[in-house]
There are 2 protein chains.
Amino acid sequence: MVTINDIARRAGVSRTTVSRFINESGYVSEKARENISRVIEATGYVPSEQAKSLRLKRTKVIGVVIPKISTETMSRVVNGMDEVLQQEGYQILLASSSLDKEKEIEQLKLLESRRVDGIILVATNREPELLEAVKNLSVPVVAVGQHLPDISSVVYNDYEAAKSLTKEILRAGHTKIGFIGVDEADYSVGVLRKKGFLDALKENGCSVESGWMQTASFSISAGEEAAARLLDQSKTLPTAVLAVTDRLAVGVMQTLRKEGFDLPGEMAVAGMGASDMSAYVTPALTTVDYYYEEAGKVSAGILLKAITGRAKKVEKSQMDYRLLKRDSLR
Amino acid sequence: MVTINDIARRAGVSRTTVSRFINESGYVSEKARENISRVIEATGYVPSEQAKSLRLKRTKVIGVVIPKISTETMSRVVNGMDEVLQQEGYQILLASSSLDKEKEIEQLKLLESRRVDGIILVATNREPELLEAVKNLSVPVVAVGQHLPDISSVVYNDYEAAKSLTKEILRAGHTKIGFIGVDEADYSVGVLRKKGFLDALKENGCSVESGWMQTASFSISAGEEAAARLLDQSKTLPTAVLAVTDRLAVGVMQTLRKEGFDLPGEMAVAGMGASDMSAYVTPALTTVDYYYEEAGKVSAGILLKAITGRAKKVEKSQMDYRLLKRDSLR
DNA sequence: CTGTTAGCGCCTTCAG
DNA sequence: CTGAAGGCGCTAACAG
């Protein structure tokens, strides 16, 4: 690999001059310019951003920790981040925790060891170990999706979104509503969305049978199974079901259709997240859009401000949401 | 940021000893060990992987260039890569070209300047400028999705996949088949899939009306519009349509349904790519699975072999595929 | 306009 | 068992 020294020697100047030429800092005579640029051309020299980083104490790299690479939500969020980061000359070092809490912490440390300029953590939990690890980091961090104390974060309005979606279902005339949730370890999706659902019901004087509330993991098939359990365990059937993710909702619809239900006539369904697929299943799924790409952009923006120093120490941002009323709810 | 020198000073040893302790290379007395580990603990010292890289001339980072971050295909491929790379202690530096040919080349150079240990290029074209840029790189490269001359690559069997899918449609009794393709700048999807389609027809003595073949970009709505054009421009209507991606196929189905077609009775539809959504649209979409995650794994494996030096200079790999026959084709 | 000098944080001979 | 010295590739005073 050719270095700045090679260029300097072959161009008959000092490496300082070469550096000046490359970075357009300071004067370089016309003759020197010519020599240098000729030699660079000939050798295909590419300055080492690496060595530069060591010297300058900044890498222009942002570490991004996500729970899973191959999910639509994550690719949207990361896409949003990339859009603003690329703009400012930063690149993304991707780290997946594969939903493993220990690995999540490891990844944070790994990113720190690589001296990334900042870290965006798309978190799914708020365990003390994680908080501890985040606080020990010596680089700016912003959390996405979970509200971590004393850390800048951008969160979705899970509670209100679930609540207003539920109200929409009530408004459509349903009073018996089933619910497919996820594990409470995921505070935002597991706890807040459920709370929004229950509070909306309570405010309207509705109650739920125990069989109506089921818990599932995040896959379509988990939604199918949860719906089957719901049908099985309900004394009286609900007339609508709210699933906390679109994928779960699609699974629910799948099972209902298989069991011969007319959708949405005999059973209305709603999801959350505005996945791509939601608009194209039959009937089109009523859901709520969280503006995931925007969340990525906002988080990147906050991080950049923190890095360049012109920012509050801790900045909290709450994303907006929007109801998408479609055919699966009547 | 605390450095190895700080640790050495505070532990009353030389930095050489600290280095030995950290990397478990060479002997370190019990007393020294204790001192060092105590100081490291107290300071929260994290060795700079960056400085290490400069010294060791390897970064343990792999650059991955993809055309677009937020597509299902890409997140699957990248997920596959990450699985094998993480295993070997490598991290992924993500670079999106946003489907811009110039930016694609820029990204390659940028990754080179960061001294990544290798690059995986998920390519959508084979323009001479790109080939030129790839050849000038001084790091191992493997291409995914396009067969680049003299470069290791893993490609999908686009031609055969399209051909056998078309044969499947013929076997179902259709002889008038429409086709929604994409721009030929994408050699694999634009050229090879179309060729497979046409060759299958030719072998069976079928021909196509001009209006039956439409070109679209990669979105669902592009599929909708292309289908509308197809209906509009056809003298006699085909009884089946093959779209080169699932998203296009979903768009096609959308338009057909809106126009009152019974699916698959009046018009059969097939897609390619086995997207998540394909199994859950109505009717379930017949498609072909390209094993995208596996492609990611394979490409990473080849790159790793190239990096560690135990590999052929150029390795070509062709992925398998599999027909997924579902309700949209009868 | 240009070169010399001094590190950035780390590993690795080479001598003790 | 340990330390001194050198250098990875680069930039930034400082002094011509």
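From a predicted model like this one, the values you see are computed outputs, not experimental measurements. Note on naming: letters A, B, ... go to the chains in the order of the sequence lines (proteins, then strands), and numbering restarts at 1 for each one.
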Do any N or O atoms of the protein come closer than 3.5 Å to N or O atoms of nucleotides 12-16 of chain D, and which pairs are they?
| residue | atom | partner | partner atom | Å |
| --- | --- | --- | --- | --- |
| D/dA12 | O4' | A/R55 | NH2 | 3.3 |
| D/dA12 | N6 | A/T16 | OG1 | 3.1 |

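Taking 4.0 angstrom as the limit, B/K52 places none of its side-chain polar atoms (N or O) nearer than this to OP1 or OP2 of D/dC8. When the side-chain nitrogen and oxygen atoms of B/K57 are compared with OP1 and OP2 of D/dG9, one or more of them lie within a distance under 4.0 Å. Close to C/dC1, at under 4.0 Å from its OP1 or OP2, lies no side-chain N or O of A/T17. The phosphate of C/dC10 (OP1 or OP2) has no side-chain N or O of B/S53 nearer than 4.0 angstrom.
Contacts with DNA chain C (heavy atom under 4.0 Å) in residues 42-51 of chain B: B/Y45, B/P47, B/S48, B/A51, listed by number.
Side-chain N/O atoms of B/R38 and B/N35 include a donor and acceptor closer than 3.5 Å.
The side chain of B/L54 sits closest to D/dC8 out of C/dT4, D/dC1, D/dC8.
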Below 3.5 Å, can you tabulate the donor-acceptor pairs from side chains in residues 56-65 of chain B to any protein atom, sequence neighbours excluded?
| residue | atom | partner | partner atom | Å |
| --- | --- | --- | --- | --- |
| B/R58 | NH1 | B/E49 | OE2 | 3.4 |
| B/T59 | OG1 | B/V61 | N | 3.3 |
| B/T59 | OG1 | B/R115 | O | 3.0 |
| B/T59 | OG1 | B/D117 | OD1 | 3.2 |
| B/K60 | NZ | B/E88 | O | 3.3 |

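A salt bridge does not link A/E293 with A/K297: every distance from a Lys NZ or Arg NE/NH1/NH2 to an Asp or Glu carboxylate oxygen is 4.0 Å or more. Ion pairing between A/E129 and A/K101 fails under the 4.0 Å rule for side-chain N and carboxylate O.
Other residues, nucleotides and ligands contribute only 12 or fewer heavy atoms inside 6.0 Å of the NZ atom of B/K109.
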